[in-house]
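All heavy atoms count here, side chains included; hydrogens, waters and symmetry mates do not.
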There are 2 protein chains.
Amino acid sequence: MKKEPAVITAYRNENGGLIKDVNKLVASYPRVPITVDCVIFGFEENELKVLLIRSDLEFYKDKWSLLGDFADDNEELDDAAYRVLAERTGMNDVYLEQVRAFSKPNRHPGGRVITIAYCSLLNIQHHKLQSTDNELHWHSVNSIKDMAFDHKEILDVCYSWLQKRIQEHPLGFNLLPDKFSLRELQNLYEAILGVNLDRRNFRKKFFSMDFLEDIGEYEQDVPHRPGKLYRFNFEKYEKNKRKWIGIDFG
Amino acid sequence: MKKEPAVITAYRNENGGLIKDVNKLVASYPRVPITVDCVIFGFEENELKVLLIRSDLEFYKDKWSLLGDFADDNEELDDAAYRVLAERTGMNDVYLEQVRAFSKPNRHPGGRVITIAYCSLLNIQHHKLQSTDNELHWHSVNSIKDMAFDHKEILDVCYSWLQKRIQEHPLGFNLLPDKFSLRELQNLYEAILGVNLDRRNFRKKFFSMDFLEDIGEYEQDVPHRPGKLYRFNFEKYEKNKRKWIGIDFG
DNA sequence: TACCAAATGTGTACATTTTACACCATGCAT
DNA sequence: ATGCATGGTGTAAAATGTACACATTTGGTA
């Protein structure tokens with residue numbers, strides 16, 4: 001396991017001295033177009049959905065793509081992602097998190113483009129699409145086979161990310177209305193994780209975590225006994241975080 | 001919670017038609033210099049260490065920075081990170097994983113530079129620094145106060161990442177020699193997590209996961225009863241993954 | 001209005017996992 | 001031979017996770 005000694009490169013100027021003109025240094029770097037792509041998840045009819053747009057490229061005619069845009073000069077990537085969300089959904093107060101960069105050299109037919117993927121979770125009820133808008137569509141995540149660019153791969157990574165993340169943090173509440181029944185919450189978890197959960201144990205677990213607030217209201221217009229409605233209580237969640245995610249390194 | 005209808009932007013050409021010349025489209029994007037920065041963790045003398053290099057910028061004279069380099073044209077970011085590792089340590093077979101992008105507009109004094117942070121774990125014994133090399137140094141992670149650029153923030157994020165990751169996957173073995181005692185393994189976990197662990201429970205847990213291979217050798221030259229040495233068995237790990245990381249969405 | 005269908009709401013026993021905790025064994029140094 | 005430092009081991013209690021069944025409430029329907 002013997003190795004050659006480490007080689008130091010690219011960290012000094014030609015004379016071995018410190019670099020003074022940092023602007024010149026940065027100007028010498030290769031430059032790459034950067035985009036953000038948002039995987040916008042929603043939940044409707046007991047299915048996990050993702051908001052897609054028809055590709056604007058002739059190259060990908062009739063294919064769907066994630067919502068993305070290039071990052072402006074001097075725009076932080078998080079801000080770019082929020083901007084895309086606002087442009088597409090009109091919403092500012094949504095959940096958003098960076099997942100990772102995708103950088104295969106040929107991932108974009110127009111040349112080298114690196115994209116940073118973001119996951120966003122929002123309540124579809126707050127963003128009903130206009131019926132005149134046939135460029136945007138909520139797709140059932142499980143039914144998507146093929147997409148423009150490497151967006152199917154990005155979607156798959158983000159879906160796995162969501163499955164894992166939702167078991168560590170109660171992100172699911174971002175996908176539900178303010179008031180929801182425990183059945184809706186369980187449907188959400190079952191849809192995302194692709195498993196069946198025991199109703200009694202599910203209820204026990206969520207009640208024991210103590211961030212569901214009973215608002216004393218009931219479901220309406222259901223053809224069966226109506227369930228109680230709850231609200232997610234952020235303050236109680238902050239207090240009881242440890243129960244949920246285990247050790248907190250925050 | 002009523003919102004304006006979604007606005008569609010930047011996804012059609014001026015006439016509302018599909019875009020044919022994708023090269024022209026991409027050429028119109030703003031371009032940004034991209035770097036990778038590697039947080040190279042090691043373990044020595046019961047401390048978690050990180051390999052840093054003296055900054056090459058006059059602007060950051062006497063500060064330390066992560067090992068990084070810009071991404072070449074058409075180079076995938078993972079490849080760039082492996083390249084940096086190879087250049088700095090001469091090693092090719094190391095553990096490497098992308099953590100996330102850092103993109104604050106003013107994070108680099110020379111202008112807009114976006115960096116993608118990677119974590120790498122390696123065995124310091126395989127990369128003893130040359131005594132003539134005073135540009136590179138293994139720093140104790142807990143003693144680092146200040147760094148060039150936003151590298152302290154990146155280090156902090158990567159350290160948290162490691163703490164979480166090591167509890168889900170047995171990454172720790174990458175930091176140890178091929179043969180190690182359980183005491184060394186426990187020291188590693190204690191150092192990274194910053195906690196004290198019960199020796200009996202620690203042993204019980206690792207043995208029950210059944211990927212430690214007893215190679216019938218013992219520690220040498222220790223001033224006390226020598227401990228058994230073990231090897232990490234990747235095949236057994238693959239089989240028993242579920243025990244370790246819970247549900248496997250891989 | 002009596003019944004049915006469909007979903008809500010609840011408790012307990014068992015298995016598994018996690019935690020807390022103490023003593024003898026071994027090898028080296030003196 | 002003794003002391004010292006560390007290696008190596010088991011068990012009981014607590015907490016958590018899992019499996020499982022029946023009465024209740026509502027709307028719909030005959």
Side-chain angles (χ1 to χ4, degrees), chain A residues 45-46 164 166-168 170 176-177 179-191 193-231 240-248, chain B residues 45-46 164 166-168 170 176-177 179-191 193-231 240-248:
Chain A
E45 293 164 346
N46 291 341
K164 188 179 166 199
I166 204 176
Q167 296 187 78
E168 299 171 338
L176 291 175
K179 305 170 181 180
F180 52 86
S181 68
L182 267 177
R183 162 57 52 191
E184 289 174 292
L185 186 60
Q186 184 174 340
N187 285 345
L188 173 72
Y189 275 80
E190 290 182 334
L193 299 177
V195 294
N196 291 322
L197 301 170
D198 180 275
R199 186 156 43 103
R200 277 167 295 189
N201 293 336
F202 184 83
R203 300 170 73 87
K204 206 190 308 177
K205 180 162 186 174
F206 274 79
F207 285 135
S208 80
M209 288 186 296
D210 195 36
F211 46 65
L212 291 178
E213 190 178 343
D214 181 344
I215 54 176
E217 294 179 37
Y218 290 83
E219 289 179 299
Q220 295 194 344
D221 301 321
V222 288
H224 54 76
R225 175 177 174 181
K228 270 194 177 180
L229 296 179
Y230 296 86
R231 200 198 315 269
N240 295 296
K241 231 181 204 173
R242 280 151 195 280
K243 281 193 207 172
W244 179 277
I245 59 168
I247 300 167
D248 183 0
Chain B
E45 292 165 344
N46 290 342
K164 190 180 165 198
I166 204 176
Q167 297 186 78
E168 299 171 338
L176 290 176
K179 305 171 181 181
F180 52 87
S181 68
L182 267 177
R183 162 57 53 191
E184 289 175 292
L185 186 61
Q186 185 175 339
N187 285 345
L188 174 72
Y189 274 81
E190 290 183 334
L193 299 177
V195 295
N196 291 321
L197 301 170
D198 180 275
R199 187 156 43 104
R200 277 168 295 189
N201 293 337
F202 184 83
R203 299 170 71 88
K204 205 190 309 178
K205 182 161 184 173
F206 274 78
F207 285 135
S208 79
M209 288 186 296
D210 196 36
F211 46 66
L212 290 178
E213 190 178 342
D214 181 344
I215 53 176
E217 295 178 35
Y218 290 84
E219 288 178 301
Q220 294 193 345
D221 300 321
V222 287
H224 55 76
R225 174 176 175 184
K228 272 193 178 181
L229 296 179
Y230 297 86
R231 200 198 314 269
N240 295 296
K241 230 181 206 174
R242 282 153 195 278
K243 280 194 210 170
W244 179 277
I245 60 166
I247 300 167
D248 183 359

- Query: Ignoring hydrogens and angles, does a donor from either the side chain of A/Arg225 or the base of C/dT8 sit under 3.5 Å from an acceptor on the other?
  - Reply: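 It does, because a donor-acceptor pair links the side chain of A/Arg225 to the base of C/dT8 below 3.5 Å.
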For [X] and [N], what is the distance between atoms [atom1] and [atom2] respectively, to the nearest whole Å?
{"X": "A/Phe202", "N": "C/dG9", "atom1": "CZ", "atom2": "C1'", "value": "15 Å"}
{"X": "A/His224", "N": "C/dG9", "atom1": "NE2", "atom2": "P", "value": "10 Å"}
{"X": "B/Asn196", "N": "C/dA20", "atom1": "CG", "atom2": "P", "value": "12 Å"}
{"X": "A/Leu185", "N": "C/dT8", "atom1": "CG", "atom2": "P", "value": "12 Å"}
{"X": "A/Glu219", "N": "C/dT8", "atom1": "CD", "atom2": "C1'", "value": "9 Å"}
{"X": "A/Gln186", "N": "C/dT8", "atom1": "CD", "atom2": "C1'", "value": "12 Å"}

- Item | Results of side-chain contact (heavy atoms from CB on, under 4.5 Å) for A/Arg199 - residues two or more places apart only | A/Arg183, A/Gln186, A/Arg203
- A/Arg199 near the nucleic acid: base, sugar-phosphate alone, or nothing, with a heavy-atom cut-off under 4.0 Å?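 Base, at least one base atom sits under 4.0 Å.
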- Message: Heavy atoms only, 4.0 Å cut-off, all strands: where does B/Arg203 land among base, sugar-phosphate and nothing?
- Response: base
- Message: Using a 3.5 Å distance criterion without hydrogens, assess whether the side chain of B/Gln167 forms a donor-acceptor pair with backbone atoms of B/Lys164.
- Response: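 No: the side chain of B/Gln167 does not pair with the backbone of B/Lys164.
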- Task: May I have the step-by-step check of side-chain contact (heavy atoms from CB on, under 4.5 Å) for B/Glu217 and B/Arg231, ending in yes or no?
- Result: CA-CA 10 Å; B/Glu217 295 178 35; B/Arg231 200 198 314 269; 5.7 Å; no
- Item | Residue pair B/Lys228 / B/Asp214: nearest heavy atoms and the distance that separates them | NZ-OD2, 2.8 Å
- Item | Residue met sooner reading DNA chain C from 5', once A/Pro223 and A/Arg200 are mapped to nucleotides |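 So the residue in question is A/Pro223.
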- Query: Between which nucleotides of DNA chain D, read 5' to 3', does contact with chain B run, using atoms under 4.0 Å from its heavy atoms?
  - Reply: D/dA5 to D/dT11
Scan nucleotides 13-19 of chain C against the protein and return all N/O pairs shorter than 3.5 Å with their distances rounded to 0.1 Å.
unit_1	atom_1	unit_2	atom_2	d
C/dT19	O4	B/Lys204	NZ	3.0

